[in-house]
Asks: 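Quick one: structure below, then a few questions.
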Amino acid sequence: MTTAWMASDPVVRDGDPGAAFYFDLPPERRDPATAAASILPVPYDRTSTYAKGADRGPEAILQASMQVELLDIESGREPTEAGVLTLRPILVEEGPERLAELVREAVGRELDAGRLPIMLGGEHSVSIGAIEAAAARFGSLGVLQIDAHGDTRESYHGSTHNHACVMARAREQAEIVQVGIRAIDSCELEAMDPDRVFFAHRITAARGTPAAHDWMDAVLERLPEHVYVTIDLDGFDPSIIPATGTPEPGGLTWEEVTGLLSRVAAARRIVAADVVELCPMPPMHASDFIAAKLVHRLLALALPAG
């Protein structure tokens, strides 16, 4: 069974029993006629191969977002003043190929409407259709991946759209840059471009040195004007976000991730983004809240001021 919400459906979740809106915004800040951004939940977890539960991630992030203070202190702005819709979720019980089609359509509608779509996964395969939608609308697209894993297998478990293949599909559509990588299969290494992979151990080794932020400048140099940002939460060190399907030690800090995003947003245009692979661990709610806070920071950085 597939349940997808099409353009003819209400854009926001008004009228849904028990509906919740990202950041619990009042109606005037989630008006489809004026909103500058949208939140698209995609609770999909069909191809993950270790700890399951990423399908519960979008709802956990949405619930945690209601506790996020709306003032972004670093920028001095409330990004939700620009308007943020909460879209109806895409619910799919079929394979990731069908998922990609539905996500491509939904994200394409948001881009055509002039909004900044931020998708909440779900496993990382949800990103494939969104990247395709962005690539179809921008002549030159960069994909910035923050992740512990390379995700560049050509095929995995019989599918080219498995969560382990998302960046192999992305590099068919765009110029990719991979940050925080610290776990790959040997079959991936040969096809990876070493000039576009920023391994975590090199980033962490530079901490506390004069070259601590040089890698951020190098990332920026490799990105074109329009950028899609995909953030697998296992890109963070598990001491910060333990609630992921495959946590890897030696990851990035909050300051490193948001510092990089700040530089990218200042010099490039972030056209869409996703935050994926949260596997909630009740009653440990810190990971849920940090993920919601990360979306808020993305909005503050990516939405134009004023």
Side-chain angles (χ1 to χ4, degrees), residues 3 5 9-44 53-91 106-107 109-110 113-122 126 130 229 231 233 240-241 243 254 257-258 261 265 270 272-306:
T3 305
W5 301 98
D9 293 311
V11 178
V12 295
R13 298 173 71 186
D14 284 307
D16 285 8
F21 302 100
Y22 212 80
F23 304 123
D24 198 23
L25 298 177
E28 63 271 17
R29 289 200 185 185
R30 48 182 170 83
D31 183 350
T34 57
S38 56
I39 304 294
L40 174 60
V42 188
Y44 186 82
D55 56 324
R56 294 182 282 110
E59 185 66 19
I61 297 173
L62 189 149
Q63 293 296 331
S65 77
M66 298 182 191
Q67 307 305 319
V68 173
E69 297 287 359
L70 297 184
L71 175 65
D72 180 70
I73 294 176
E74 292 182 54
S75 66
R77 349 169 18 211
E78 286 194 21
T80 62
E81 288 181 341
V84 181
L85 302 182
T86 303
L87 302 173
R88 292 174 179 267
I90 295 177
L91 306 175
V107 171
R109 286 195 297 271
E110 294 307 297
R115 289 188 282 265
L116 170 73
I118 299 183
M119 185 168 54
L120 307 180
V126 305
V229 176
I231 304 175
L233 291 170
I240 299 169
I241 297 185
W254 172 265
V257 171
T258 58
L261 294 175
I270 296 175
D274 64 59
V275 174
V276 303
E277 297 282 359
L278 175 70
C279 292
M281 300 168 56
M284 296 174 61
H285 58 274
S287 297
D288 309 356
F289 185 84
I290 293 170
K293 184 79 171 183
L294 180 63
V295 173
H296 185 258
R297 191 91 256 275
L298 264 171
L299 289 168
L301 293 169
L303 288 177

Asks: Quick one: CD1 on I290 to CD1 on I241, what's the gap to the nearest 0.5 Å?
Replies: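 Separation between the atoms: 5.0 Å.
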Asks: Side-chain contact, heavy-atom cut-off 4.5 Å: P79 with H296?
Replies: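 Sidechains of H296 and P79: in contact.
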Asks: Can you sort out the partners of D288 under side-chain hydrogen bond (donor to acceptor under 3.5 Å, both in side chains), two or more places apart, ordered by chain and number?
Replies: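 side-chain hydrogen bond (donor to acceptor under 3.5 Å, both in side chains) check on D288 returns nothing, list empty.
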Asks: Got a second to check how far W254's CH2 is from R297's CZ, nearest 0.5 Å?
Replies: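 One finds 7.5 Å between CH2 of W254 and CZ of R297.
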Asks: Roughly how far apart are L294 CG and F289 CZ, rounded to 0.5 Å?
Replies: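 L294 CG to F289 CZ: 12.0 Å, rounded to 0.5 Å.
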Asks: Quick one, H285 and Q63 - any side-chain contact, counting heavy atoms below 4.5 Å?
Replies: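 Result no, sub-4.5 Å side-chain heavy-atom pair not found.
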Asks: With a sphere of 6.0 Å drawn around CD of E28, does it hold more than 12 non-hydrogen atoms of other residues, nucleotides or ligands?
Replies: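 Result for CD/E28: enclosed.
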Asks: Do D24 and S65 make a side-chain contact, defined as non-hydrogen atoms from C-beta onward lying under 4.5 Å apart?
Replies: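 Side-chain contact under 4.5 Å: no.
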Asks: Can you list the residues that meet the side chain to side chain contact (heavy atoms under 4.5 Å, CB included) rule with A302, with sequence neighbours excluded?
Replies: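 So A302 forms a side chain to side chain contact (heavy atoms under 4.5 Å, CB included) with L116, I270.
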Asks: Where is the tightest heavy-atom contact between M119 and V126, given as atom of each residue plus distance?
Replies: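 Looks like CE-O, 3.1 Å.
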Asks: What I'd like to find out is whether the side chain of L40 reaches to under 4.5 Å of the side chain of R109, using heavy atoms alone.
Replies: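 When only atoms from C-beta onward are counted, R109 and L40 do not touch, as no gap falls below 4.5 Å.
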Asks: Any chance you could lay out the side-chain contact (heavy atoms from CB on, under 4.5 Å) test for V295 and Y22, step after step, and finish with the verdict?
Replies: CA-CA 10 Å; V295 173; Y22 212 80; 3.4 Å; yes
Asks: Write down the atom of E277, the atom of A54, and the distance for their closest heavy-atom approach.
Replies: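 Distance-wise, the nearest heavy atoms are OE1-CB, 4.3 Å.
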Asks: List the steps and the verdict of side-chain contact (heavy atoms from CB on, under 4.5 Å) for I231 and L298.
Replies: CA-CA 11 Å; I231 304 175; L298 264 171; 4.2 Å; yes
Asks: Heavy atoms only: give me the nearest L301-T258 pair and the separation to one decimal.
Replies: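 L301 and T258 have their closest heavy atoms at CD1-O, 4.3 Å.
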Asks: Taking all non-hydrogen atoms of both residues into account, name the closest pair between L70 and R29 and its distance.
Replies: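 Of all heavy-atom pairs spanning L70 and R29, the closest is CD1-NH1, 3.9 Å.
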